[in-house]
Number of protein chains: 2
Amino acid sequence: MTRGRRSNVLPLAVLGLLHDAPMHGYELRKRLSSVLGVFRALSYGSLYPCLRILAQEGLIAEDGPLDPRGGTLAGKRGRIVYRITAEGKERLQELLAEAGPTAWEDDSFGVHFAFFAQTDADTRLRILEGRRTRLEERLGGLRAALGRTRERLDSYTLELQRHGLESVEREVRWLNEVIATERSSGIPATSEHIAEREPRHAQHR
Amino acid sequence: MTRGRRSNVLPLAVLGLLHDAPMHGYELRKRLSSVLGVFRALSYGSLYPCLRILAQEGLIAEDGPLDPRGGTLAGKRGRIVYRITAEGKERLQELLAEAGPTAWEDDSFGVHFAFFAQTDADTRLRILEGRRTRLEERLGGLRAALGRTRERLDSYTLELQRHGLESVEREVRWLNEVIATERSSGIPATSEHIAEREPRHAQHR
DNA sequence: GTTAGCATGTAAGGAGTTACATGATTTT
DNA sequence: AAAATCATGTAACTCCTTACATGCTAAC
């Protein structure tokens, strides 16, 4: 439940997705919503300007628009397939290694986690433990609030806080499991699949 | 995990808090962070303009700044205690009765829930069921994504989706419990406290 | 009487949304 | 060839944040 403070994760998510496969904007947006549930329904008004900026910075390159026979159609409007550049890959590594802001509602954790396969074990542990620390701080605050205001709140507010506390506790338990698995093997416990790391090509229909 | 899309809940939260007790801005901000954990640390840059607008609309009234002996200090800067007006109470009822947007990440649910004690049973049920519906849609999308991409995702992305799915499932179970309790008695199951509905006065220190 | 914390405010800007506008491709 | 959907883009706006600036009050 966060709505919250959306930090600068969009470029990270775009670079991460393009690292796996070249894609055009429309496709990218679908993946952003479904694969990374973090963005509910990112609007094109956010996505396309972001792509333009990343291209200007040389982190991604534009291919096309192409006609079906492969020639470039200069004046025409059409699909633009984006792919990550060498500089883009470097930047992606930097962004992935950055621990997010210090706020507990930080959305960027999910995006970082989704691209863990592209990072090294040290970075993963650092980010996981960083998030756990932030959640534990939040936990302390919530417990204090519940203790402090025990007699002063109506039952609905109280129930909301109790449920919030349980949610954060559950999140911390999950993090602990992931961290434990990470330390022992590097593969999440519940996954029966081997990470597929070979870049695959987008099938444009 | 949203971070995100912050709808127009601030006026609702302010009116709801002021309905319980008059308060000055600084105090209001503390309550917004601790009582409604929804706002992590709302900045004054958001709060004060909001208070000004609500005052202009006649939904809240400003008292003070006052000196310790009760006189109004015209030119001086000092504490301004806000209280809700009759129109403000009407507006609060309207805002509370509004079901939030159709997006599953909607933050406003938490705020609505926190002020359930000020609404009638019908409104409560409508909002609870509306949220459950939105979460169930999200559930469908997540399950489809997990089924569809089962073979194509790396283990971290998969684990993230699995955990997200479990979180939403848990949220739906909680909602079901609350709804069931609501239907039978109107008092949340886990609460041992009777709602305190008499407006109390803020103790300014 | 000076430091620390309470309290109120403003200006600039970031990150995203909505609404709009247009063109290309596929389906009927 | 009309309708639906895919695909790209822009302008205006919203809501909130950061950084700054100021004054009041309590504690040492």
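Below, chain A is the first sequence line, B the second, and so on; all start at residue 1.
Rounded to whole angstrom, the span from the CD atom of E62(B) across to the C1' atom of dA7(C) amounts to 14 Å. Atom CD of E27(B) and atom C1' of dT8(C) are 15 Å apart (whole Å). Rounded to a whole Å, the CD1 atom of I80(A) is 14 Å from the C1' atom of dC6(D). With rounding to whole Å, L10(B) atom CG is found 13 Å from dT17(D) atom C1'. For the pair Y82(B) OH and dA7(C) P, the computed distance is 13 Å after rounding to whole Å. The CG-P distance, from L32(B) to dC16(D), rounds to 11 Å in whole Å. Atom P of nucleotide dG5(C) and atom NZ of K30(B) are separated by 13 Å, given to the nearest angstrom.
Ranking dG9(D), dG9(C), dT17(C) by closeness to the L42(A) side chain, first place goes to dT17(C). For Y44(A), counting side-chain heavy atoms from C-beta on, the closest listed nucleotide (dT18(C), dG9(C), dT8(D)) is dT8(D). Side-chain atoms of R79(B) lie closest to dT8(C) of the nucleotides dT18(C), dT17(D), dT8(C).
Taking R91(A) as the reference, E94(A) meet the salt bridge (charged side-chain N to carboxylate O under 4.0 Å, His left out) condition, with sequence neighbours excluded.
Residue Y26(B) places at least one side-chain N or O under 4.0 Å from the OP1 or OP2 atom of dC6(C). Between N8(A) and dG14(C) there is no side-chain N or O to OP1 or OP2 distance below 4.0 Å.
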Run the side chain to side chain contact (heavy atoms under 4.5 Å, CB included) check on R131(B) and L135(B) step by step: do they pass?
CA-CA 6 Å; R131(B) 173 142 180 101; L135(B) 286 179; 4.0 Å; yes

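Judged by distance alone, the side chains of R29(A) and S43(A) never bring a donor and an acceptor atom under 3.5 Å apart. Between the side chains of R79(B) and Y26(B), no donor N or O sits under 3.5 Å from an acceptor N or O.
The CD atom of Q93(A) sits 8.0 Å away from the OG1 atom of T123(A) when rounded to the nearest 0.5 Å.
Secondary structure note: stems in DNA chain C built from 3 or more consecutive Watson-Crick or G-U wobble pairs under 3.5 Å occupy C:1-28 with D:1-28.
With salt bridges taken as basic N to acidic carboxylate O contacts below 4.0 Å, none links E169(B) and R138(B).
Residues from residues 46-60 of chain B that place a heavy atom under 4.0 Å from any atom of DNA chain D, listed by number: S46(B).
Aromatic ring orientation, H163(B) versus W174(A): parallel (interplanar angle below 30°, classes split at 30° and 60°).
Counting only heavy atoms from C-beta outward, the side chains of Y82(B) and L54(B) never approach each other to under 4.5 Å. Taking 4.5 Å as the limit, every side-chain heavy atom of T157(A) sits out of range of all side-chain heavy atoms of F113(B).
Across all strands shown, G25(A) has heavy atoms under 4.0 Å from sugar-phosphate atoms exclusively, and none from any base.
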